[in-house]
Amino acid sequence: MFRKLLPLLALGPVIVSTYALPQAWFGTLALLSYLVACGLAIGPRLAPATPRPLQLGLGAMVTIAGMSILGSAVYYSATVTSESLLLVLIVIAAIAGVVQKPSDNLKSLVADPHLDAGLFTLGLVAILGWWLAVLTHDVSEPVRSLWSVLEPFTLIALGLATACTLALILRRRSAYLALILLAALLFSATSVAAAMYGLGYGFDPFLHRATVSHIAEHGTITPKPLYYIGQYALELIGVKLFALPLAALDAFLVPFLAAFGIVIALAGRQASLKAPSIMLASLLFLPLAAFVQTTPQALAFVFTAWTLFTYPRPRLVPAIFALAAVITHPLAGIGAIVYVVLISLDDLPDRYRSLGLASIATVTLAAAVAVPLAFVAQAKLAHLSLSFSLQNIFKLWQLPISSFLTTQYNAWGDTAYFFIGNTFLIVLVLAIIGIILTPKTKSGWYVPGLVAAAMFMNFIILSLSFDFTFLIAYERLDFALRLLTLTTLFLLPYVAVLFSLIWAKLQTAPVGLRVGLVVLLSIFFVSNVYAAYPRHDNYARSSGFNVGPADFEAVTAIEQSAAGQDYIVLSNQALASAAIQELGFKQYYHDDIFFYPIPTGGPLYQHFLTMVEERPSTDTITAAMDLAGVDLAFFAVHDYWWQAPQIIENTKTLADDWFAVSDNAVTIFIFTR
């Protein structure tokens, strides 16, 4: 009876955290105790043949997905309050108490008789060395790439940790140590930006954090978005019930869930964990760039990966993860939903086999065009400009798939960029070989391939037939490239199969070949980590700068200069990010014109680009003020902008007044009429 009540008893610290002791340290302990209690209750029911640590992990993952789903239901049906979110946790705890299995059916934890503490310790020391380098550097001032602050050769530490992890896996020893090291390795690779960018990384996270803050304060936001809420629900629970700081929670949420959740999901596919599987090495090919910052798209990718790598029986587990993916971001969630539908159809009884095959074909074909059709429908409903033509649909050589087959006579750089520039092609080739060699008697062996093919077809159509004219030029391929990330995810099971077959062949091969495989995979992973963040080197040029202290100073100075008047600002995305964090959604004008430019195709941003890429003019400023219906405008130029001195000097002759902040880091011009 006590075990039945354990999930409900875990609500005690949650209530204390919410009402009596709203401190981050206590909230963290309360959250962990709740996840452990629910995980221990739910996991054995869903994965009875899995070792207890993985049962706990899977149960905690289902609990997190349930918090996302039920939290979203609260958002759409009621006002978001501490009480309504607490009700979500009560419902989940009650379900956990009801469904848990009796203690005598729990799979016991068998001690690992093959501990290889030496390799684990070496790998752990390498990871700690990596973190020592990361935490002694920070990115506060604007830079194009964190690699200009953190020496790229520190990646050697991650390379050593990768080699130790692979060695543990390939020696088929120390199963749990190998899993811990692999999860720590993936987390170390994807959380660099969260650790180093103290003021924030990217633009989208600022927007989403501001939305979460608004909902936390007001209980809702208008208009209610039809997606993203899966992420917002988790962060609202973290902030309102566990007193977690939103900035830290948001920064580390996706890297943590991706690293540990995906490892648990894939490891749990084995009926037992007598030895780690070489299939785990396929996780080194994860598209890491998709998991380095927390956005709804990234979190949906995480839920989709959980759906894919979790053992598909019972169907309820992948279905829960797929639903969480869809409500978080439908563009990523569609792959997860299609996967769950297809594995369900594949599992129909033999007497329905012909119906099942016809249904599988129909669902796959529908999925192959679902995303373009959704964009057409959305564009018509929102009256957006969207060009579509099938004229170029067969010009596959024009697909935006990167490749690198040249040389700059730099051994390290050429090697790294061979892997970076050809990552998708490498995964595709390995997956095709894996598909050919996969045992065809395995149930549902072809389902991930069908989903990958459907997502790749969507990628082709969006890349060659659509022109998102309502977006800024550099973002018009962004939607298509997200589908390429989905395609990569659904190809990885076949890469895993290929690795298992290769390693079986290498068991009797000279040790040098096995060492060579470890070294090759380690170099690939290190290159994958380097490519996950903006690069500014002899091979690639990053054009973006992070938010710096000068941006916050400029936002404050502009607000004070406006003295309560309505105004607009023409600026880059770094300044707009700082404004959203400092001022929230303070001011909108008619037709939903935000008073700072949103760099995803908003009209104010177009006027900013005209000012900095052409020649500054009062006509452009006047047109921007007319657009919003205001009589006061500010134009901000950062000193790192291309041709900034020329732009500043030309604008001084046009503006009514101007001032600069942070030793001329940002020059701000004032225009009135």
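Just so you know, residue 1 is the first one in the sequence shown, and it goes up from there. What you see is a predicted model, and the numbers here were worked out from it, not measured in a lab.
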- Message: For L284, is there any backbone N or O sitting under 3.5 Å from a side-chain donor or acceptor partner on N528?
- Response: yes

- Task: Let me know which of V326, I320, I64 forms a side chain to side chain contact (heavy atoms under 4.5 Å, CB included) with I69.
- Result: I320

- Query: Just wondering, are more than 12 heavy atoms of other shown residues or ligands nearer than 6.0 Å to CZ in F256?
  - Reply: no

- Task: With F595 as reference, evaluate Y567, Y588, F634, F585 under the ring pair (Phe, Tyr, Trp, His ring centres under 6.0 Å) test and give the passing residue.
- Result: Y567

- Note on the structure: Output for pair (S84 OG, I237 CD1), nearest 0.5 Å, gives 9.0 Å

- Item | Residue Y589 excluded, over 12 heavy atoms near OH under 6.0 Å | yes

- State, to 0.1 Å, how close Q587 and F594 come at their nearest heavy-atom pair, and which atoms those are. O-CD1, 3.3 Å

- Using the side chain to side chain contact (heavy atoms under 4.5 Å, CB included) rule, take V74 and L87 through it: C-alpha gap first, then chi angles, then the decisive distance, then the call. CA-CA 9 Å; V74 166; L87 180 61; over 6 Å; no

- Plane angle bin for H208 and Y228 - parallel if under 30°, tilted between 30 and 60°, otherwise perpendicular: perpendicular

- Message: Taking V254's backbone N and O only, do any of them form a donor-acceptor pair with T294's side chain (distance below 3.5 Å, no angle check)?
- Response: yes

- Query: Can you tell me how far OG of S463 sits from CD1 of I401, rounded to the nearest 0.5 angstrom?
  - Reply: 8.0 Å

- Query: Taking C-beta and beyond as the side chain, do L627 and H607 meet within less than 4.5 Å on heavy atoms?
  - Reply: yes

- Item | Donor-acceptor contact below 3.5 Å, side chain S191 vs main chain A194 | no

- Query: Parallel, tilted or perpendicular for Y339 and F490, by the 30°/60° rule?
  - Reply: tilted

- Message: I need the minimum non-hydrogen distance between A37 and A10, along with the two atoms involved.
- Response: CB-CB, 3.6 Å

- For I580 and F206, which heavy atoms make the closest approach, and how far apart are they? CG2-O, 3.5 Å

- Query: Quick one: does Y533's side chain have a donor or acceptor within less than 3.5 Å of a partner on V192's backbone?
  - Reply: yes

- Correct closest heavy-atom pair for A578 and V547 would be CB-CG1, 4.2 Å

- Shortest non-hydrogen contact from H214 toward T220: CD2-O, 3.3 Å

- Over 60° means perpendicular and under 30° means parallel, so classify the ring planes of W306 and F303, tilted if in between. perpendicular

- Heavy-atom pair of closest approach, residues L35 and L56: O-CD1, 4.3 Å

